[in-house]
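Data block below; observations after.
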Amino acid sequence: MQQRGDTLRVETDRSLAEPARTAVADTVARMFALDLDLAPFYTMLADDPRLSWARSGAGRLLASPSVFEDLVKTLCSTNCAFSATQRMVAALVALGGGAFPTPKIVLDAGLSYLTDTVRMGYRARSLYELATSIHDGAFTTDALRAAVGAREEEVTARIGSLRGFGPYSVAHAMQLLGFHRPLILDSWTRPTYARILGKKARSDAAIRRDFKPYGAYAGLAFWLTLTEDWVAKRALA
DNA sequence: CGTCCAGGTCTAC
DNA sequence: GGTAGACCTGGACGC
């Protein structure tokens, strides 16, 4: 994939016929949240001293090809160093033969594969239960997207009911599903935000208060505040 | 070598 | 409703 001006080009290693062609285009569009209209958010930022820079097009969080993949990656980011997250995800991709495994592939591999080979520790049970729920139809993933009209309250409850998904994981997953209100509060975002403010620490309640004015975009505003320097570096590159 | 803990969550009080 | 303790793993760190 590469950007050329205001278009995104997708190249595949072999030519695709319909309906695969459309499927790839749809998937990529979802990954980049191309259907997301951020105009209301940008309007909100017009005179914002800290975030007006974002109006030039920031705020589209890169998602995975599937909701399942986003949920699993989120699960793999809990209570461990980022290097461990990368290692677990790489091991899952190996299971998938170079692509992220489907729920069925995970189930066929079995719980012991997840603990002994992927070395996911106690997270293995959460992944196994998620794969089971999706595979048997108890949990439908695509209906969770904001873009298809899902309701925020309901999606929050659905994801929160999954084993291994607490406040952090739910907020993280919600952002990727197109719900930008919840704040991702974890051991990286908390101290990073405090540092930006020039403080030693700031309570979760205070952080929520700080971003309350952004309403439905509070979580996105929080994330952009934390990652402004990432964007600046890329723009210079 | 042992301890601590990282982009948390669950359970049992 | 709020809060210790346990939980897999593997780097980082102190000794």
Side-chain angles (χ1 to χ4, degrees), chain A residues 58-64 67-95 100-101 106-107 109-134 138-139 144 155-177 179-197 199-211 218-231 233-234:
Chain A
R60 285 171 208 287
L61 309 178
L62 181 62
S64 300
V67 175
F68 174 63
E69 183 171 338
D70 276 334
L71 291 175
V72 176
K73 285 173 172 172
T74 298
L75 188 63
C76 291
S77 73
T78 58
N79 195 29
C80 66
F82 189 57
S83 60
T85 302
Q86 293 175 300
R87 187 193 54 70
M88 286 183 262
V89 171
L92 287 171
V93 169
L95 169 63
F100 201 83
V106 169
L107 292 179
L111 185 58
S112 60
Y113 185 91
L114 301 179
T115 55
D116 302 344
T117 303
V118 181
R119 303 198 68 73
M120 293 181 69
Y122 64 87
R123 301 170 196 78
R125 186 174 163 201
S126 301
L127 169 54
Y128 197 81
E129 285 187 13
L130 174 61
T132 300
S133 300
I134 291 176
F139 191 89
L144 301 174
V155 176
T156 301
R158 291 278 292 160
I159 298 176
S161 71
L162 296 171
R163 175 177 298 279
F165 285 78
Y168 153 79
S169 307
V170 171
H172 191 274
M174 292 295 281
Q175 288 291 330
L176 296 176
L177 287 165
F179 294 97
H180 304 291
R181 190 191 308 274
L183 275 63
I184 300 173
L185 293 164
D186 60 32
S187 63
W188 179 74
T189 62
R190 291 186 179 99
T192 298
Y193 181 59
R195 181 176 50 70
I196 289 171
L197 293 183
K199 293 170 175 284
K200 199 168 62 181
R202 190 154 180 80
S203 72
D204 289 0
I207 297 175
R208 289 209 171 83
R209 206 179 311 133
D210 293 343
F211 288 88
L220 186 56
F222 180 52
W223 186 253
L224 290 175
T225 298
L226 300 174
T227 60
E228 177 178 358
D229 60 335
W230 297 6
V231 178
K233 278 178 200 163
R234 301 230 172 124

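Residue numbers start from 1 in every chain, and the chains themselves are labelled A, B, ... in the order their sequence lines are given, proteins ahead of strands. Values below: all heavy atoms of this structure, side chains included; hydrogens, waters and symmetry mates excluded. Since this is a predicted model, take the numbers as computed values, not measurements.
For C:dC8 and B:dC1, the P atoms lie 24 Å apart once the distance is rounded to whole Å. The P atoms of B:dC5 and C:dC15 are separated by 14 Å, rounded to the nearest whole Å. Going from the P atom of C:dT3 to that of B:dG7 covers 24 Å, rounded to whole Å. Using atom P as the reference point in both C:dG1 and B:dG8, the two lie 25 Å apart (nearest Å).
As rounded to whole Å, 16 Å separates atom C1' of B:dT9 from atom CG of A:L127. Atom CZ in A:F82 sits about 16 Å away from atom C1' in B:dG8, given to the nearest Å. Remark: P of C:dG10 and CG of A:D116 are 11 Å apart, rounded to the nearest angstrom. For the pair A:N79 CG and B:dA6 P, the computed distance is 9 Å after rounding to whole Å. Look at CE on A:M120: it is 13 Å from P on C:dC8, rounded to the nearest Å. In this structure, CZ of A:R87 is placed 9 Å from P of C:dT9, rounded to the nearest angstrom. Rounded to whole Å, atom P of B:dG7 lies 11 Å from atom CD of A:Q86. What separates CG of A:D204 from P of C:dG2 is a distance of 13 Å, to the nearest Å.
Between A:R119 and the phosphate of C:dG10, there is a side-chain N or O to OP1/OP2 separation shorter than 4.0 Å. Between A:S169 and B:dT9 there is a side-chain N or O to OP1 or OP2 distance below 4.0 Å. Taking only side-chain nitrogens and oxygens, A:S187 comes nearer than 4.0 Å to OP1 or OP2 of B:dG8.
Comparing atom distances between the A:Y122 side chain and each of B:dG7, B:dT11, C:dC8 picks out C:dC8 as nearest. Checked against B:dG7, C:dG10, C:dC8, the side chain of A:H172 finds its nearest nucleotide in B:dG7. In this structure, of B:dT9, B:dT11, B:dG7, it is B:dG7 that holds the atom nearest to the side chain of A:D186.
In this structure, A:L114 and A:L92 have side chains that are in contact, with non-hydrogen atoms separated by less than 4.5 Å.
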Practice task
Apply side-chain contact (heavy atoms from CB on, under 4.5 Å) to A:Y168 and A:L185, showing your working.
Solution key: CA-CA 6 Å; A:Y168 153 79; A:L185 293 164; over 6 Å; no
Exercise for the section: Kindly determine whether A:M174 and A:R181 satisfy side-chain contact (heavy atoms from CB on, under 4.5 Å), including the steps that lead there. Expected result: CA-CA 8 Å; A:M174 292 295 281; A:R181 190 191 308 274; over 6 Å; no
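A:T115 and A:G121 make their closest contact through CG2-O, 4.0 Å (heavy atoms, listed as atom of the first residue, atom of the second, distance). Summarising the geometry of A:F68 relative to A:A131, their closest heavy-atom pair is CE1-CA, 4.3 Å, with the distance given to 0.1 Å. When all heavy atoms of A:Y128 and A:L111 are compared, the pair lying nearest together is CE1-N, 3.6 Å.
Comparing A:C80 and A:F165 by the nucleotide of DNA chain B that holds the closest heavy atom to each, the one mapping nearer the 5' end is A:C80. Between A:G164 and A:W223, the residue whose closest nucleotide on DNA chain B is further toward the 5' end is A:W223.
In this entry B:dA12 has C:dT3 as its Watson-Crick or G-U wobble partner, both defining distances falling under 3.5 Å.
A:R123 comes within contact range of at least one nucleobase, with a heavy-atom separation under 4.0 Å. Counting non-hydrogen atoms under 4.0 angstrom, A:L162 reaches the backbone sugars and phosphates but no base. Nucleic acid contact for A:S83: none, since no nucleic acid atom lies under 4.0 Å from a heavy atom of the residue.
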